[in-house]
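Written out below as structure tokens is the structure these notes cover.
Just so we're on the same page: letters track the sequence lines, and every chain starts at 1.
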There are 2 protein chains.
Amino acid sequence: MSSADITVKMIFDRWYASINNWNNLLNDLSDEKLQMPIAAGKNRGVYLLGHLIAVHDAMLPLLDMGTLQYPALADTFIKSPDSQQLNIPATTELRNIWNKQCEMLKQNFDKVPSLDWLKKHTAVSDEEFAIEPHRNKLNIILTRTTHLAYHTGQLVLLK
Amino acid sequence: MSSADITVKMIFDRWYASINNWNNLLNDLSDEKLQMPIAAGKNRGVYLLGHLIAVHDAMLPLLDMGTLQYPALADTFIKSPDSQQLNIPATTELRNIWNKQCEMLKQNFDKVPSLDWLKKHTAVSDEEFAIEPHRNKLNIILTRTTHLAYHTGQLVLLK
């Protein structure tokens, strides 16, 4: 196992463990529970679900894996804060999108050889990457993993 | 920059960014605010602070960097759940311990060459490590980074 193989395994182990933690919680929470704010006056559970879908969707162009699949969700769940008035998709629909997206991302990720994860992502130029080689595709997975853990610490409050 | 150097930088960048996120929040919150639960019936902010100190303290023996500095805190903040009755150190004292600990950990981490981060931690045997080389010291930093992000997503609710 090369040092790149080991690193890729470490970070993807963390990514999938974080996805599992989120899924276990999500499956435990009813649609009604997801309508509740995680704390008084804060985002609802369903908003966090939509937010994660939008943020993970944005990984596709960054990783050079295609265009946004759900561009409308970025407006709702990244550019707008939560509010009870927000017109958002039905919770069942968001659950379906989430599951489909997790599966699609896994299929895409599985195709990438370890060494390619250490190549640059699309938001960095060749010149920048020559000086800052840590701005690679694997770093996108890493930063989205801590982002996911952050919101999992919030969703758990609805249990 | 070797592939090990790049990986170590990526994971430590994330660790220190997560520490900074936590510190910015902590410095924004008064001692009185930290006495509040992050959501109705859940852990208090001050409990999360003590919990992080205890979890980070436990990194020392795992990384072969010495013994626990605050063994009593493990009983209070890992083995016991929060409750308003819990007899815990003063918030000012926990803030001081936290700052001192962050500085001490950084000093220890800075001394370790990149390749040594890919060596085994103390909770894995030589035999296990031969088969599972991802169970290395760097993985301890990675898992504690997602743990820290999880609780930062909770502390932010007190803002």
Original post:
Does the ring center of B:W22 lie less than 6.0 Å from the ring center of B:H151?
Top reply: no
**OP:** Would you mind checking if A:K137 and A:D64 are paired as a salt bridge, meaning a charged N to carboxylate O distance below 4.0 Å?
**Re:** no
Subject >> Student check: side-chain heavy atoms of B:L52 and B:L49 closer than 4.5 Å >> reply: no
Subject >> Under 3.5 Å: donor-acceptor pair, side chain of B:S80, backbone of B:F77 >> reply: no
**OP:** Determine whether B:I97 and B:Q69 make a side-chain contact, defined as any pair of heavy atoms from C-beta on separated by less than 4.5 Å.
**Re:** no
**OP:** Could you tell me which portion of B:D5 (side chain, backbone, both or neither) has an atom closer than 4.5 angstrom to a non-hydrogen atom of chain A?
**Re:** neither
Original post:
Using non-hydrogen atoms only, which part of B:N21 is less than 4.5 Å away from chain A: side chain, backbone, both, or neither?
Top reply: neither
**OP:** With a 4.5 angstrom heavy-atom cut-off, could you sort out which part of B:I38 is near chain A: side chain, backbone, both or neither?
**Re:** both
Original post:
Is it the backbone or the side chain of A:N43 that comes under 4.5 Å from a heavy atom of chain B, or both, or neither?
Top reply: neither
**OP:** Among the options B:M10, B:R135, B:Q154, pick out the one with the most heavy-atom pairs lying under 4.5 Å from chain A.
**Re:** B:M10
Original post:
Relative to chain B, which of A:T145, A:V156, A:L115 shows the most heavy atom pairs under 4.5 Å?
Top reply: A:V156
Subject >> Segment of B:L148 engaging chain A (4.5 angstrom heavy-atom cut-off) >> reply: neither
Subject >> Region of A:S2 in contact with chain B, defined by heavy-atom distances below 4.5 Å >> reply: neither
Original post:
Would B:L68 and B:L105 show up in the same hydrophobic cluster when neighbours are defined by side-chain heavy atoms closer than 4.5 Å?
Top reply: no
**OP:** Inspect the contact between B:K159 and B:D28 and indicate whether a charged nitrogen and a carboxylate oxygen are less than 4.0 angstrom apart.
**Re:** yes
Subject >> Proximal component of B:L118, with respect to chain A [non-hydrogen, under 4.5 Å] >> reply: side chain
